[in-house]
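Inspection log for the structure reproduced underneath, given as structure tokens.
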Amino acid sequence: MSGLEGKNVVLGVTGGISAYKAAELCRLLRKAGADVRVVMTRAACEFITPLTLQTLSGHPVAQNLFDLGEEATIGHIRLADEADVVVVAPATADFIARFAAGMADDLLAAVVLATKAPVLLAPAMNVNMWEHPLTRANLARLVGTGVTTVGPDAGELACGWIGAGRLVDPAEIAVAVEALVGPRPLDGRRVVVTAGPTWEAVDDVRFLGNRSSGKMGFALAAAAARRGAEVTLVAGPVSLPTPPGVARRMDVESALEMQRALAELDAEADVVVMAAAVADFRPATRAAGKLSRRQDAPSSVTLVQNPDLLAELGRMRRGTRPLLVGFAAESGLAADALVARARQKLVEKGCDVMIANDLAAAGSDDNAVTLVFRDGRARALPRAPKAAVAEAIWTELLRAS
Ligand code: CTP
């Protein structure tokens, strides 16, 4: 990897047991060509010595906001200004909370607040701290301001618990840094993402719908835009703001409207990601006005099948364009059955990648997915906030293509 040639990376290290892994990350970043400036919090120095990181980075480690000597060498504003990217690994719950609150009470907090460069956090902490609603809210707030996250992984934690909270592999963090400031792998590519539910009208006020929030699709659109893609987001009825960098948004209501939008876009697209929860059925007729309880209350609603939009795209495409990515939402299946079902849908619909998710494992802001590829390979991604899952999905798609 040499994608960080000439880039200035500020590596922030906060006080968690996995701080020792920052040494490996520092080495990998330098190997990729980056000039690395390390900033450590006071707590981080309890876990790993500044001498280690000074030796590996080749620069003195910055630790103190009020040290005149340090400020004279390279002040905190200069560190923030000169950075092409700031990565904090590990990022503890305490650091995430201080950052989300906009505090600047130590050098690293001041740097992340002052910088205009992208900020990447690699959270690591005890599973209960990770799952605490305050940590989730803090992270969601930061993601909303454009901060990117990678991980954490699930597994055995140093504190003895088993669950999510482990720092992701330093190699994965280095890849995520490169995705932010390295070459933009989707530059010039046209990506279409569908998101959200569809509403199928019963009459002019009533509809059949589903509970899809649209968050996963919106996060995928945002992550593609960050990688340089020209993104068109075809959104079902949701009230989410258009993510920064998304070139075009088409709001649709029903499956048939989504079909028309896709027909307009398909010829130009390099990648189509069908994250929308398209309704499989619609009422056969749409009653004009509002059906009245008194006069015309129907005893049943006749349904007809909607077209399978993904399967249509699969049938229509020429050669390998566009790359087609589907989502298979399943409930009540064991892990192998989930993958087998996704594989079956992949073949039936003629797409390249099917992303399986277990509805039970998903929350409104989290998701846990498995990518199933055409060659039969499957890659499970651990449960994480949807923004982090979206990042990981693009990393996997790009690695595979
Ligand atoms: N899909 C579509 N058009 C439909 C239904 C689904 O394009 N009418 C797409 C979804 O956007 C998703 C993929 O097909 O990318 C799989 O959707 P899913 O609901 O899991 O599959 P279904 O084909 O509806 O199968 P089943 O109802 O048996 O789960």
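Just follow the structure's listing: the first ligand is 1, and inside any ligand the first atom is 1. Excluded from the calculations below are hydrogen atoms, water molecules and symmetry mates; all remaining heavy atoms, backbone and side chain alike, are included. The first residue in the sequence is number 1, and the count goes up from there.
For the residues Met274, Arg282, Lys345, the heavy atom positioned nearest atom 29 (O) of ligand 1 is part of Lys345. Nearest to atom 5 (C) of ligand 1 by heavy-atom distance, out of Asp280, Asp308, Leu310, Val325, is Asp280. When the heavy atoms of Gly217, Ser212, Gly326, Ala276 are ranked by distance to atom 10 (C) of ligand 1, first place goes to Ala276.
Side-chain atoms of Asp336 and Leu338, non-hydrogen and from C-beta on, never get closer than 4.5 Å to each other. Using a 4.5 Å heavy-atom threshold, the side chains of Lys7 and Glu5 count as separate. A heavy-atom distance below 4.5 Å is not found between the side chains of Val39 and Val13. Between Leu265 and Val234 the shortest side-chain heavy-atom distance falls below 4.5 Å.
Both the sub-6.0 Å distance and the 45° axial angle are not jointly satisfied by Arg206 relative to the ring of Trp199.
At a threshold of 4.0 Å, the pair Arg190-Asp270 does not count as salt-bridged, since none of the basic side-chain nitrogens sits closer than that to a carboxylate oxygen.
Between Ala275 and ligand 1, no pair of N/O atoms sits closer than 3.5 Å.
Of all the heavy atoms of Arg341, the ones lying under 4.0 Å from any atom of ligand 1 belong exclusively to the side chain.
In this structure, Lys349 is part of the shell of residues with a heavy atom less than 4.0 angstrom from ligand 1. Proximity of Ala279 to ligand 1 is established by a heavy-atom distance of less than 4.0 Å. Ligand 1 is never approached by Met354 to a heavy-atom distance shorter than 4.0 Å. Ligand 1 lies less than 4.0 angstrom from a heavy atom belonging to Pro307. Distances from ligand 1 to the non-hydrogen atoms of Ala328 include at least one value under 4.0 Å.
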**Request:** Kindly determine whether Val147 and Phe99 satisfy side chain to side chain contact (heavy atoms under 4.5 Å, CB included), including the steps that lead there.
**Result:** CA-CA 10 Å; Val147 167; Phe99 187 14; 3.9 Å; yes

